[in-house]
Each structure stands twice: as C-alpha cells, then as structure tokens.
There are 2 protein chains.
Amino acid sequence: MRPTVHDIAAEAGVSLATVDRVLNARPGVRRKTVDKVQAAVERLGYVRDVSAANLAKKRTYPLVFILPEGPNSFMRGLEAEIRAAMQRSPVERTAIRIETVPPFDPAAIVGVLDSLDPAEVNGVALVATDTPDVSAAVDRLVDRGVHVATLVSDLPGSQRIHFCGIDNLAAGRTAGGLIGRFCNGRAGKVLVVAGSMKLSDHMDRASGFAAVLRSEFPDLEIVGPVETNDDADTVRQAVTAALDAETEIIAIYSLGAGTRGLIEALPDREQRKLAVVAHEVTEHSRQALAEGLFDAVINQDCGHEVRSAIRVLKARADGLMPISAQERIRIDIFLKDNLP
Amino acid sequence: MRPTVHDIAAEAGVSLATVDRVLNARPGVRRKTVDKVQAAVERLGYVRDVSAANLAKKRTYPLVFILPEGPNSFMRGLEAEIRAAMQRSPVERTAIRIETVPPFDPAAIVGVLDSLDPAEVNGVALVATDTPDVSAAVDRLVDRGVHVATLVSDLPGSQRIHFCGIDNLAAGRTAGGLIGRFCNGRAGKVLVVAGSMKLSDHMDRASGFAAVLRSEFPDLEIVGPVETNDDADTVRQAVTAALDAETEIIAIYSLGAGTRGLIEALPDREQRKLAVVAHEVTEHSRQALAEGLFDAVINQDCGHEVRSAIRVLKARADGLMPISAQERIRIDIFLKDNLP
DNA sequence: CTGTTAGCGCATTCAA
DNA sequence: TTGAATGCGCTAACAG
C-alpha cells in the first residue's frame, strides 16, 4: 500500500495540515518541522496522489492556444485538434481558449501575449514567428508566472519550457536524403520553396536540406529558397516562373505551406519528370501523393502536438516531469503506400 | 459546473446509493426507479468523474503482458518499455506482470493464457503467433471476462478487443515503394527475408511488399521469402547463400528480426551495391543505417505500443472508449537523416 | 507556527 | 427495494 499524508503525519509526529503545507511549499512552518516532514516523506517514499489532490482542489487548468488565422490547411487542422481537446475538457480538467492572430504578424502575437492575465491563465501554447519582440513578450509572460510552450515553430532564444514540434533540421535533412535518392545520380537543380524565413521551422528545414545536398549529393544544386508567405497563389506563380526559367530543375522541395499552388504549377509528368517532396499531409497533398504527383510528404502529427502541449503544460503546472519519450514528435514520412 | 451524483439524486428524487446502483448497473432497483435516474442523467448531461470513482474504489488495474523470451533486440526493447510502465504503476494505478514464453511456441502461450485467473487479472496484452490454438485460448479468456489486446502481431480471427501495432500490410507496401524507388528503374531480383509465416505481421508485410512490386515495379522479381525464425545466424547463412546463388539480386527486404545476421552477410558496398530495407530500429540497425549499409529502416514505436495497450485495456475495464487517433501506431520510416 | 474539521465526487457498507 | 452514513487521499478554511 502506498503511503498517504496520514502516514507522513504520523511518522513525522505532526498534523495533516502541516504535512500539506510542507508538501505544497506553503509558508508558515518552522524550518525544523519542514525537515521532519521531508525526512518522513523520504523514509516512506511518499508520492502524492495527483488525482486525489485535483479532486480536493477542484482544479482546472486554464490554457490558451495562439495560432495564425487564414486558409492554411495545416493550421486549420491544428485548430481542429485543439477543438477536439476542448471536447475532452471536462475529463482532463482543462479550460482551453483559442486566440487567432493574422499570420506573419509578430506585433499581433505580442499583443495577445501581453494581454494575458496570469491570474486567469495557467499555460500558453503558441505558433510563433521567431522574432526578438515575440521572444521578449514570451519572456515577460514567463516572468509573470505563466508557462509557455512553442508549437510547430520554435523560439530557441526564449524562456519557453518546451517545444511541441519536430526537429526541423532533421526534417530538412530527411527531405534532402529522399530527394537525393529519388534523383539517383542525375545531376541538376533543386528548387526550394519556403514560406518565410521569419519562421524558425522553415529556416531549419532549409539548412538541413542544404547541408545534406552539399555533403552527399554534390551534383544537385539548390535554386532558392524562394519565399511565398505560405500563400498558394504566390507559390504557384513562383514555381511556374522558376520552372520556365531553369530547365535543369529536376526536383522540388516545398518546405512550407501553399501546397495547392505547388500542385497547380506542376507540369505533366509525361513531359517533365520531377522528384517532389512537400510538408504536411492535407487534403491536397494526400491526393497529390496518391496520384504520384508528389513522391513523399513529410508530416508532423498535429493531434500529437496538441495533446503533448496540454500534457506538458499541465505537468508543469503541477511541478511534474512528463514522460519525455511520449512528448517527442516524430518526423512522419508518407509515401503513397503508407498514407493513413 | 459539471453535474454530480448529488445533482442526479436530487433531480430524480432518490438517494445517492440508488443513483450509484443505476450508474453501475447493479441489481436491486425497480425498473421504474432506474428509468427516473437515467432520465435525470440524460437531462443534466451527467458524466462520471473517473478519477473520483477510482479514488473511492481504490481501484487498480492488474494487467499481464505476454511476450517471447530470447535475444531478439526488438522484444527486449519492448520488455524495457513495459518495465518503464511498471515504474509508473503507482501513478497510473496499474499492477503489471510480465510473462515470457519461448519464441514461436503457440503451446506455451496457450498455457499461460489458460492459467490466468479472471478474478486476479483485468486485461492481457500479448505478442502472439497467429495459430488456431492461440486464437481459441484468447477467445476462452475473453469469455471468462478478461480483456485481451494483441501487441505487435495481430490475431485477426480472435475476440481480442484491440491490436496495438502497425498496419503491416501498409508497412510491406511502404518497403516495396522504397525499394522500388531506390532501385530506380534497374531490373533484377529482390531477396525477401522473413522470420516466420506463423506471425501475422510477417505474413502481412510479405503480401504488401509483393503487391507493390507486382503492380508498380514489374522489373523487380522476388526471391523468397526465406524463413529464419528470426535467428541471426540463420539469417546470415540464408542471405549469404542467396547472394552467392543469385547474382542478379540488387535489393534485400528483411521483414523480420535477426538483423545482426543480415548485416554480417552484406557484401562490401564497393563490390556490390544493394538497396536494403529492414525493420525495427535497434542498436544494430541504427549503426547500419548510419554507415550507409541500410537505406531505410521501418520502425514501430514500442513505447507507444505499450502505453497504448495500457490505455486501451484500462479504458475497456472502465467501459470507456479511448481517443482512437492517439492509439494508431505509426509506420515510422527512418533514413540516416532522421534517426532519433 | 500548528492542529481540527469539513468537504471534493464517488462507492460501499449496514440498516431499514 | 431504498437510504444514511462513512471513507478514499488530499486541500482549505478556520481556530488555537
């Protein structure tokens, strides 16, 4: 039988309330008494029953998710997962609020961050542009006692407690390895299409990709990256223009969004064979994969990311450590053969 | 505020005990009263607070894991994950026992299954050979009221409530797609090495692989599958013999274990270039990937599988449905670039 | 500074 | 067939 607060109280020769004070690091206990209780905890190997504590506290975890608005399919999928988590709120004792901001607008993110009341919010998960002002706003919020986790795109210089997303450097390398093998010895150029270099995930993917091509596939030369702000029409125009201008392009790596535009710009496979790797499984990319227009799609499971963010933020609010292996978001590679 | 049993009792005009009887489908309540309570539940939208219930019940979930003993790295990794879950037992209210049986020994599995006492065991997760006797034993156990989940390899004809593993048909297809692309137009033979066709996961992978080669890469001809009982020495001998006998082999798909033997049998890459795809990230396969000996490794996250099995079995014991997306085990594809 | 007491939402005796 | 009372492990007033 696991020891309880009663056992600790008896062992330490104090009352329940005192034990509770020590366990929750509340003031008003003599140094001497604190030590006695902690010794008893050690001796009996006590671990607090979190669900009993939560029951007594009627605890809920007020959480805020900040993400870009707009037509980006991936972001809308992310939002859907957050809404799914909201459905489970009664069971998970969460109270989740979603704040959407215009995409690529650091000031808007800062505005939301600064408007948050630490008394009303326990944790924040946000999809952020990696800019100094956002980093500073995150740090301010952390200083005010709110736990912050980054989602999808990281803020490496900030005080965020956790990044819920994939290793984007490795994702870029993976794309490089895939495209290199798919081109299989042919020499030529690879067009790289990105959303914005203000996003650390896009930056990392581009670096990882370039590193692998440079070291392992020196016959492939990078064109770009061209920035499209993740807008489908811009992507379409950019890709069309590049393919017209450079006849030696034999592959495309699209590391951002706007996948619909990419698909529209792709020439008929019969007339020009291109190895294509893109990111995120969405309605569009799924179909492109199935039709053989894309060779591979690299994906991050946004459901996993949302659930992980919630677990991490809750655990942190309770001062616990989450199961780290469970919080590692995988780089999913989809071919048409393993599409879920 | 969520309604509680008190609210239901008041709404239905009965006592707490009666509400509890109805909620837990215990006998000794008039039909009429049952209806009143159920109506109140509907009206207020009551959902039971599982953690409060578990606290009151001092509930624990006694679970048994059955898996093969022996040197198979993947199985030992699986066992390590189960032991990690045992560490979390106090928090998760589980009481986990591991039973190991000789590999490829249906009778041993049946023996363990039949020895289980439904009064002492809540759920069972097992790695099973897909043979009729094991299926029958699983069904007997289910009939005695124990929930059974299959782990890694499924028992499609049985009454198991859930399969905690990957879609092995899709995994085989994926391997086919990968090898097909890596061979890139070259014609030749592909050696398929399997553990045992008594395992449904191996069967499925072989079928999926063959299907893709047939439809998409007709220039590749399958040699095998050769069965090795997942023994490294047997794998080594079989692969060496095949490579000597068939000079047209240009690729190898190893869909079972004994990966160490495969690595030992692989010729120097300079003298003979082979596309190689194997399963499961282990110490050996990880190194082979890093060195460029393997082109890709298909993996299933056994930590995820174990945690999923526990969640599913617990949920089932409480009569709940788990989050299905969370229980889908991914087909992980690792190149050397995205090795974790 | 410390202890007593009354719940949190639910399950389970024991009476009636 | 039903209800009242007690306790699970923990927290939070309120006294002392």
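Being a predicted model, the structure only gives us computed values, none of them experimental. Throughout, a chain's letter reflects where its sequence line sits, starting with A, and its residues are numbered from 1.
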task: Return each pair, listed once, that meets salt bridge (Lys or Arg N to Asp or Glu O under 4.0 Å) where at least one residue sits in residues 42-52 of chain A; pairs must be two or more places apart or across chains.
output: E11(A)-R43(A), D49(A)-R93(B)

- prompt: So which pairs with a foot in residues 153-163 of chain B pass salt bridge (Lys or Arg N to Asp or Glu O under 4.0 Å), sequence neighbours left out?
  reply: D154(B)-R160(B)

query: When every nucleotide of nucleotides 11-16 of chain D is labelled 5' to 3' by its protein contacts under 4.0 Å (heavy atoms), B for base, S for sugar-phosphate only, - for none, what sequence of letters results?
result: SB-B--

Ignoring backbone atoms, establish whether [X] has a side-chain N or O less than 4.0 Å from OP1 or OP2 of [N].
| X | N | result |
| --- | --- | --- |
| T18(A) | dG3(C) | yes |
| S51(A) | dC10(D) | no |
| T4(B) | dG9(C) | no |

field: Donor-acceptor contact below 3.5 Å, side chain R21(B) vs main chain G28(B)
entry: no

- prompt: Considering residues at least two apart in sequence or located in another chain, which fulfil the side-chain contact (heavy atoms from CB on, under 4.5 Å) criterion with H304(A)?
  reply: D301(A), R307(A), S308(A), R311(A), I329(A), R330(A), R330(B)

Residues forming a side-chain contact (heavy atoms from CB on, under 4.5 Å) with Q38(A), sequence neighbours excluded: V22(A), V34(A), D35(A)

task: Would you kindly give the NZ-to-P distance between K32(B) and dT1(D), to the nearest whole Å?
output: 15 Å

query: For the helix from dC1(C)-dG16(D) to dA16(C)-dT1(D), how many degrees between its two end axes (five pairs per end), to the nearest 10°?
result: 40°

- request: Report yes if some heavy atom in the side chain of V124(A) is under 4.5 Å from a heavy atom in the side chain of L63(A); otherwise report no.
  value: no

